[in-house]
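The next block holds one structure in the form of structure tokens; read it before the comments.
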Amino acid sequence: MRRSALSLVVLTTSLLTACLSEQKDNNQVVANPTNTPTAQMVVLGDKLFHDVSLSSQGNQACASCHNVNHAFSDADQTIPVSKGSEAGQFGTRNTPVASYTAFIPALHQEQEDGETLWKGGLFLDGRVNSLEEQAQKPFLNPAEMNNKDAADVVAKLRSSANANLFREVFGSDALDSGKEDQAFAQMAQAIAAFERTPAFSPFSSKFDFYLQGKAQFTAQELQGMSLFIRADKGNCAACHPVTASADGTPALFTDFSYDNVGVPRHLNRQFFTEDFVDEGLAKTTNDPALRGQFRVATLRNIAKTAPYMHNGRFDSLREVVEFYNTRDVEPQRWGEPEVPETVNRDELGNLRLTDREIDAIVAFLNTLSDGYQP
């Protein structure tokens with residue numbers, strides 16, 4: 001399998017610390033450093049990100065589904081999807097986190113251990129390649145902000161409290177008639193500039209401070225980290241690597257690859273019809289062999305972002321680890337996978353973790369939440 005090489009990195013805790021000792025100080029990390037927007041553009045992006053007037057009913061902004069206190073995920077954890085601006089409208093996916101998305105590369109293929117893998121791309125199916133492209137989609141999605149087109153969005157911007165600041169950033173004629181497509185693209189540029197700031201990628205978890213020698217892990221957290229890495233136990237690091245990137249970016253806990261881990265259908269018929277199937281990467285690539293595959297998400301802030309998986313099927317972090325542990329030995333508990341024919345059955349499904357070991361992995365995952373105070 002494509003991750004078998006990771007069996008060579010069954011690391012002890014001390015070796016892990018040594019491998020990550022060159023992690024940059026979190027204040028020095030800047031995603032996409034070549035993109036240098038002005039401070040005023042970032043302020044504009046922040047305001048646009050929170051501007052509910054840009055939705056069809058004047059009640060929804062980017063921040064409505066990407067709340068800063070929930071690692072820029074949906075604050076409403078009582079439903080598996082997110083509400084739209086229009087009453088009664090809901091999406092069909094669990095809203096992915098916006099934190100650390102600035103580091104996601106464009107969708108591309110890589111050769112790894114003799115296999116061709118898809119990696120990168122924004123949204124869980126990789127259908128766009130930049131934050132700018134991603135920022136435009138919710139404005140026009142009927143299940144989200146529900147605007148008719150770019151001109152509809154820009155018309156709302158002309159009447160908003162942010163119109164004057166927009167003109168200051170992009171020019172006094174930026175909102176003139178005939179420039180709607182350009183103005184819509186500039187809106188996305190400003191939002192993306194805001195999303196590239198440390199507010200979205202602070203690298204301020206207990207894990208980060210531990211690597212800097214400014215925090216200590218408990219015995220349970222240390223055990224959980226070891227189990228997370230070990231290829232003969234959790235093997236979580238196969239898809240969620242714990243090492244810094246070659247450029248010194250701290251661990252992002254994702255390799256940006258795609259997989260079908262066998263998540264069952266969601267049983268809530270208010271949001272999912274009985275026969276609904278999310279095609280995932282297959283729809284983006286037009287390759288049926290990739291049905292049900294979704295991009296591996298970052299585990300940073302994972303403890304803050306329930307529910308879990310592309311359809312919000314699991315309510316707790318422990319339930320996710322239990323699923324990975326017993327999917328193939330307790331199929332009656334979990335149910336049939338949404339897309340059974342492409343499920344990864346080689347690297348998960350029967351991990352043989354004890355309850356104590358599951359608790360330890362969950363304890364380690366809780367150290368990945370930003371905002372830790374040493």
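The analysis underlying the following values was restricted to heavy atoms, covering all of them including side chains, and did not include hydrogens, waters or symmetry mates.
By the salt bridge (charged side-chain N to carboxylate O under 4.0 Å, His left out) test, D328 is found to be paired with R345, residues two or more places apart in sequence or in another chain being considered. Not counting sequence neighbours, Y324 has no partner by the ring-ring contact (aromatic ring centres under 6.0 Å, His included) test. Scanning for salt bridge (charged side-chain N to carboxylate O under 4.0 Å, His left out) contacts around E338 gives an empty result, with sequence neighbours left out. Qualifying salt bridge (charged side-chain N to carboxylate O under 4.0 Å, His left out) partners for K47, counting only residues two or more places apart in sequence or in other chains: none. The salt bridge (charged side-chain N to carboxylate O under 4.0 Å, His left out) test applied to D51 returns no partner, not counting sequence neighbours. Contacts of F72 classified as ring-ring contact (aromatic ring centres under 6.0 Å, His included), with partners at least two apart in sequence or in another chain: F200. Checked against ring-ring contact (aromatic ring centres under 6.0 Å, His included), H240 has no partners two or more places apart in sequence or in another chain. Remark: E144 engages N141 in a side chain to side chain donor-acceptor pair (under 3.5 Å) (not counting sequence neighbours).
The local environment of NZ in K283 is sparse, with at most 12 non-hydrogen atoms from other residues, nucleotides or ligands closer than 6.0 Å. Open room surrounds CZ on R352; 12 or fewer heavy atoms of other groups in view lie less than 6.0 Å from it. Q40 CD: more than 12 foreign heavy atoms inside a 6.0 Å radius.
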What pairs of donor and acceptor atoms, side-chain ones from residues 329-337 against any protein atom, are under 3.5 angstrom apart with sequence neighbours left out?
residue, atom, partner, partner atom, Å
R333, NH2, E322, OE1, 2.5
W334, NE1, T326, OG1, 3.0

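R313 is listed as a side-chain neighbour of P264, based on a closest heavy-atom distance under 4.5 Å. Here the side chains of L140 and F184 are in contact, with some heavy-atom distance below 4.5 Å.
For residues 363-374, no pair satisfies salt bridge (charged side-chain N to carboxylate O under 4.0 Å, His left out), with sequence neighbours left out. The stretch residues 140-168 participates, sequence neighbours left out, in these ring pair (Phe, Tyr, Trp, His ring centres under 6.0 Å) pairs: F166-F170.
When every heavy atom of K214 is checked against every heavy atom of P374, the shortest pair comes out as O-CB, 3.6 Å.
In this structure, V339 belongs to a hydrophobic cluster whose other members, linked by side-chain heavy atoms under 4.5 Å apart, are V277.
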